[in-house]
Asker: 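This is the structure I have questions about; it appears just below.
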Amino acid sequence: MSRNAARGIAGGVLLLLIWEVLARGLSLPAYTLPAVSDILGAVWIHRAPLLAAGWLTAAEALAGYAIGCVAGIGIAVLLVLLPPLRGGLLPVMMAINSVPVAAYSPLVLLWFGIGAASKVVMVALAVGFTIFLSALAGFDRVDRRSADLMRSFGAGHLAILWRLRLPAAMPLIAAGMRVSTVRSLIVAIVTEMLGAYGGLGWIIYQAVVQIDFVQVWSAIVVASALSLSFFGLVGAVERRVIFWK
């Protein structure tokens, strides 16, 4: 284990201990800040429904994440290969992106229903815009003189994209993908809270209605574990793929 990882774990344990002492020592009510031990106890007691809900939310987030990554990179590649489209399509993309993703939730729920499809679409929208902007910025960071040199040797647009633009854009694309891991789960959970048949967002909404704040925190703990795992997985893949970074 690296020194930074050990420090992070030690800091997390210390934070949880302080949280437990404050909650117990000040006798804080559950709606203010429940004790860590109570939250972990609720996670264990309700482990079966939480696990099932976690799997559903993770599946929705992963499906939307994959679609958003492919769509975002694909649109960025299209604008690079067909520059005339950029002037007309980019302002439209930016205008759509300027509206908070949550604002589209009622329409998406109306069009796709309250099943998993609407959550996948919402996650794909959120992730797609992030990856699109990261990929386009990465493709544009290439030195024009390098591209001109490759053209002088007879390289076409696809060859320049594959051999020059894509390697230069990979660090920014990877950064966008790391940021999108957390965003995908947040969007999935928020959309589930607005309407769903299951998932962590649905559990959180039901717990709030029943004034069961410990259960709310237990679902948040599971969501945090999923988010950290997803983030770590993408980071590990990034370190292996972008070895020159």
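Bear in mind the structure is a predicted one, so any value in this text is a computation, not a measurement.
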Asker: Check whether Tyr197 reaches the backbone of Ala116 with its side chain - one donor and one acceptor, N or O, closer than 3.5 Å.
Answerer: no
Asker: Please walk me through it: do Ile67 and Val120 pass side chain to side chain contact (heavy atoms under 4.5 Å, CB included)?
Answerer: CA-CA 8 Å; Ile67 295 171; Val120 173; 3.8 Å; yes
Asker: Check whether any side-chain N or O of Ser118 sits under 3.5 Å from a backbone N or O of Phe112 as a donor-acceptor pair, and report yes or no.
Answerer: no
Asker: Backbone N or O of Ile114 within a donor-acceptor pair of the Lys119 side chain at under 3.5 Å?
Answerer: yes
Asker: Does Val43 reach the side chain of Arg47, with side-chain heavy atoms less than 4.5 Å apart?
Answerer: no
Asker: Checking side chain to side chain contact (heavy atoms under 4.5 Å, CB included) for the pair Met122/Glu60: CA distance, chi angles, key distance, verdict?
Answerer: CA-CA 10 Å; Met122 286 296 297; Glu60 294 167 350; over 6 Å; no
Asker: Compare every heavy atom of Ala207 with every heavy atom of Val216, then report the nearest pair and how far apart it is.
Answerer: CG2-CB, 3.5 Å
Asker: Run the ring-ring contact (aromatic ring centres under 6.0 Å, His included) test against Phe139 and tell me which residues pass, sequence neighbours left out.
Answerer: none
Asker: So Ser218 and Gln215, side-chain hydrogen bond (donor to acceptor under 3.5 Å, both in side chains) or not? Walk me through it.
Answerer: CA-CA 5 Å; Ser218 68; Gln215 178 72 337; 2.9 Å; yes
Asker: If two hydrophobic side chains count as joined below 4.5 Å and joins carry through other members, does Trp217 share a cluster with Val190?
Answerer: no
Asker: Considering non-hydrogen atoms only, spot the tightest contact between Ala188 and Thr57 and give its length.
Answerer: CB-CG2, 4.2 Å
Asker: With no hydrogens and no angle check, is any side-chain donor or acceptor of Arg183 less than 3.5 Å from a backbone partner on Val127?
Answerer: no
Asker: Nearest 0.5 Å, please: how far is CG in Leu133 from CD1 in Ile75?
Answerer: 10.5 Å
Asker: Would you say the side chain of Leu79 lies within less than 4.5 Å of the side chain of Phe132, judging by non-hydrogen atoms?
Answerer: yes
Asker: Could you state the interatomic distance from CG (Leu109) to CG (Leu194), rounded to the nearest 0.5 Å?
Answerer: 6.0 Å
Asker: Has Ser227 got a side-chain atom pairing as donor or acceptor with Ala223's backbone, closer than 3.5 angstrom?
Answerer: no
Asker: Going hydrophobic residue to hydrophobic residue with side-chain gaps under 4.5 angstrom, can you get from Phe129 over to Val77?
Answerer: yes
Asker: Do Ile220 and Leu200 land in one hydrophobic cluster if side-chain heavy atoms of ILVMFWY residues count as linked below 4.5 Å?
Answerer: yes
Asker: Taking all atoms of both residues into account, what is the closest heavy-atom pair of Trp202 and Glu192, and its distance?
Answerer: N-CB, 3.8 Å
Asker: If every non-hydrogen atom of Leu136 is compared with every non-hydrogen atom of Ala76, which pair is closest and at what distance?
Answerer: N-CB, 3.9 Å
Asker: Which heavy-atom pair separates Leu226 from Gly54 by the least distance, and what is that distance?
Answerer: CD1-O, 3.6 Å
Asker: Would you sort out whether Thr181 and Leu185 count as a side chain to side chain contact (heavy atoms under 4.5 Å, CB included), showing the intermediate values?
Answerer: CA-CA 7 Å; Thr181 57; Leu185 283 164; over 6 Å; no
Asker: Taking all non-hydrogen atoms of both residues, which atom of Gly199 and which atom of Leu56 are closest, and how far apart?
Answerer: N-CD2, 3.5 Å
Asker: Is it true that, when you exclude Ile211 itself, more than 12 heavy atoms of the residues, nucleotides or ligands shown sit nearer than 6.0 Å to its CD1?
Answerer: no
Asker: Please examine the side chains of Ile131 and Ser180, heavy atoms only from C-beta on, and report whether any two atoms are closer than 4.5 Å.
Answerer: yes
Asker: Does the side chain to side chain contact (heavy atoms under 4.5 Å, CB included) test come out yes or no for Arg178 and Phe231, once each step is laid out?
Answerer: CA-CA 6 Å; Arg178 273 189 283 111; Phe231 185 87; 4.0 Å; yes
Asker: Assigning hydrophobic clusters by single linkage (Ile, Leu, Val, Met, Phe, Trp, Tyr; side-chain heavy-atom cutoff under 4.5 Å), is Leu172 placed with Ile73?
Answerer: no
Asker: Are Val187 and Leu228 co-members of a hydrophobic cluster defined by side-chain heavy atoms under 4.5 Å apart?
Answerer: no
